[in-house]
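Structure first, commentary second.
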Amino acid sequence: MRHETGVADAAMEAAIDAVIDAAIQEVNHRAHGRMSDRFRRVRRQSRAIAEPLSAEDCCVQSMPDASPVKWHLAHATWFFETFILERFEPGFRAFHPQFRVLYNSYYEGVGDRFPRAQRGLLTRPALDEVLAYRADVDHRMLLLIDALEAGEHAPPEGFMELLELGLQHEQQHQELMLTDIKHLLSLNPLQPAYQEMPESLRIAEPARLPLDWHHIEAGVVEIGHDGPGFCFDNEKPRHRQFVEAYQCASRLVNNAEYCAFVEAGGYRDASLWLSEGWEWKRQLKLEYPIYWQRDAAGGWREFTEYGLQPLEPHRAAVHLSYYEADAYARWAGARLLTEAEWEHAADLLQGCGREFFGVAWQWTSSSYAPYAGYVPPAGAVGEYNGKFMVNQYVLRGSSSATPLNHARLTYRNFFPACARWQASGIRLARAG
């Protein structure tokens, strides 16, 4: 009897195991399905960003730091072809052998590259061929993903990680497309709009947010990514840092406040500026932010994605360089947050702090450097972040141009101190 019971128990356990295995397979199937949907959504979004533009718009490069929209569309596709299809697709054949060089951004481990500052010279291939390239790579990628959805085999080692990286990479380029388009259109004397202003923005002025100061005690804090979910390699490892007591502004500096700095002669007072920043400003003969213009009545207007608009006093001041942000902070009797202070404050002040995400990237006073214990990934993808850890500053948060679901607390953006075509703003700190 005991033996029969044991057999029955074993059969029951086997049945339970079968149910569990089936459930796991279903979860995996759905997970791959979501990844397939995400792949389609992300790829469609890049096309949607380019939709309001002409072929001529998509070909022009406004400055060496920017890239033509056509190049962004092709490069994001190149990433999937080079790092995934070339490795995992049976019988791989490149869409066009020369695209490997034309659309390689900075990966020395992949081979030769076309010079960055000359991307606007690539009138060929035409936009239609770049779109055909995207369609071809999309089709081939989805064949691989669909095979995983169908449960034909387990994902090859490294496939899902590279796929996720490719999607996150394309979302980065979607933000760059928007900021590069804005810079390009701003140079046109016609001041053309990228898109029409939504009716909701036409009738509603932004609310005036009060500026509060949140006191944060000194202590050892942890920053950096740890746990589930995607992160770039430069967000690891999670580690401890000591911060002194400080106060963090509840919101970003707005246009009215930055305008007061301009009107008070902030761009003419060398005592407020870092030496390098003062020389940069002097050589470029700068007197105000990049997209500001004085109108005939002596007021201010700002070039936006909706064309030239009256400067909204209560909107966050954006498109500021590190030099400008640092000079304003000195004028205001404050300073910029460090990277550790920003992440700790953003985590601590959820619900009572404002504009940490979705408005403007926020300059920190921290140089872009590796965290203690940082190890770049092996191979060419290891060039993604680590080799740029010099002569740049960290920005935190996200901007209005950042794709949905792309921002996170530990995200480390980085640019040189003179960069101001990105949607970057100022959050102040002061002694605790």
Side-chain angles (χ1 to χ4, degrees), residues 48-69 72 120 174-209 252-268 281 284-321 323-325 328 355 358-361 398-402 415 418-426:
I49 291 171
E51 190 63 31
L53 304 174
S54 67
E56 291 83 0
D57 291 331
C58 292
C59 188
V60 179
Q61 183 175 18
S62 62
M63 62 173 174
D65 285 339
S67 295
V69 166
H72 284 296
Q174 288 168 358
E175 182 161 1
L176 289 170
M177 287 168 68
L178 290 169
T179 53
D180 290 0
I181 290 166
K182 184 173 182 178
H183 186 263
L184 171 66
L185 296 180
S186 75
L187 301 178
N188 190 321
L190 299 177
Q191 303 282 274
Y194 165 65
Q195 59 184 337
E196 288 190 16
M197 181 181 289
E199 189 63 28
S200 59
L201 293 182
R202 292 179 187 274
I203 60 177
E205 291 188 5
R208 181 182 182 279
L209 298 175
L252 305 184
V253 171
N254 63 31
N255 283 325
E257 291 161 340
Y258 198 85
C259 188
F261 167 69
V262 174
E263 300 287 8
Y267 279 74
R268 300 189 297 273
K281 179 203 69 65
L284 295 178
K285 300 180 180 179
L286 303 180
E287 298 179 1
Y288 41 79
I290 183 172
Y291 294 130
W292 288 24
Q293 298 180 23
R294 283 200 183 273
D295 60 27
W300 291 100
R301 309 188 88 188
E302 181 179 22
F303 183 79
T304 74
E305 61 266 41
Y306 313 116
L308 196 60
Q309 301 291 331
L311 187 69
E312 293 280 4
H314 304 315
R315 288 197 188 280
V318 294
H319 297 292
L320 302 171
S321 68
Y323 297 135
E324 291 166 299
Y328 176 87
E355 300 182 325
V359 178
W361 291 98
S398 61
S399 80
S400 57
T402 306
F415 279 98
C418 61
R420 59 182 189 151
W421 92 107
Q422 290 302 305
S424 46
I426 309 171

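Values in this document were obtained by computation on a predicted structure and should not be read as measured data. Positions are given from 1 along the sequence.
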Item to check | side chain to side chain contact (heavy atoms under 4.5 Å, CB included) involving Q191 - partner list, sequence neighbours excluded | outcome: Q293, F303, L308

Item to check | Residues that S67 engages under side chain to side chain donor-acceptor pair (under 3.5 Å), provided they are two or more places apart | outcome: R119

Checklist entry - With sequence neighbours left out, what residues match S398 under side chain to side chain donor-acceptor pair (under 3.5 Å)? => result none

Checklist entry - Can you tell me how far the NE2 atom of H314 sits from the CD atom of E257, to the nearest 0.5 Å? => result 10.0 Å

Item to check | Test side chain to side chain contact (heavy atoms under 4.5 Å, CB included) applied to L178 - qualifying residues, sequence neighbours left out | outcome: I49, Y194, A401

Checklist entry - Got a sec, which residues hit side chain to side chain contact (heavy atoms under 4.5 Å, CB included) with C259, two or more places apart in sequence or on another chain? => result E263, W292, W300

Checklist entry - Please, which pairs that meet salt bridge (charged side-chain N to carboxylate O under 4.0 Å, His left out) have at least one residue in residues 54-66, sequence neighbours excluded? => result none

Next on the checklist: Suppose the criterion is side-chain hydrogen bond (donor to acceptor under 3.5 Å, both in side chains): which pairs have a residue in residues 177-187, not counting sequence neighbours?
Outcome noted: S62-H183, H72-D180, T179-Q422, D180-W421, K182-H319

Item to check | With E175 via side chain to side chain donor-acceptor pair (under 3.5 Å) - residues at least two apart | outcome: W361, S399, T402

Item to check | Side-chain touch M177/L53, heavy atoms, less than 4.5 angstrom | outcome: no

Next on the checklist: For E305, give me all partners under salt bridge (charged side-chain N to carboxylate O under 4.0 Å, His left out), at least two apart in sequence or on another chain.
Outcome noted: none

Item to check | Closest heavy-atom pair and its distance - A360, S424 | outcome: CB-C, 4.2 Å

Checklist entry - Considering residues at least two apart in sequence or located in another chain, which fulfil the side chain to side chain donor-acceptor pair (under 3.5 Å) criterion with E355? => result none

Checklist entry - Can you find a pair of side-chain heavy atoms, one from Y306 and one from E196, that are under 4.5 Å apart? => result no

Next on the checklist: F261: which residues meet the ring pair (Phe, Tyr, Trp, His ring centres under 6.0 Å) condition with it, sequence neighbours left out?
Outcome noted: Y258, Y267, Y328, W331

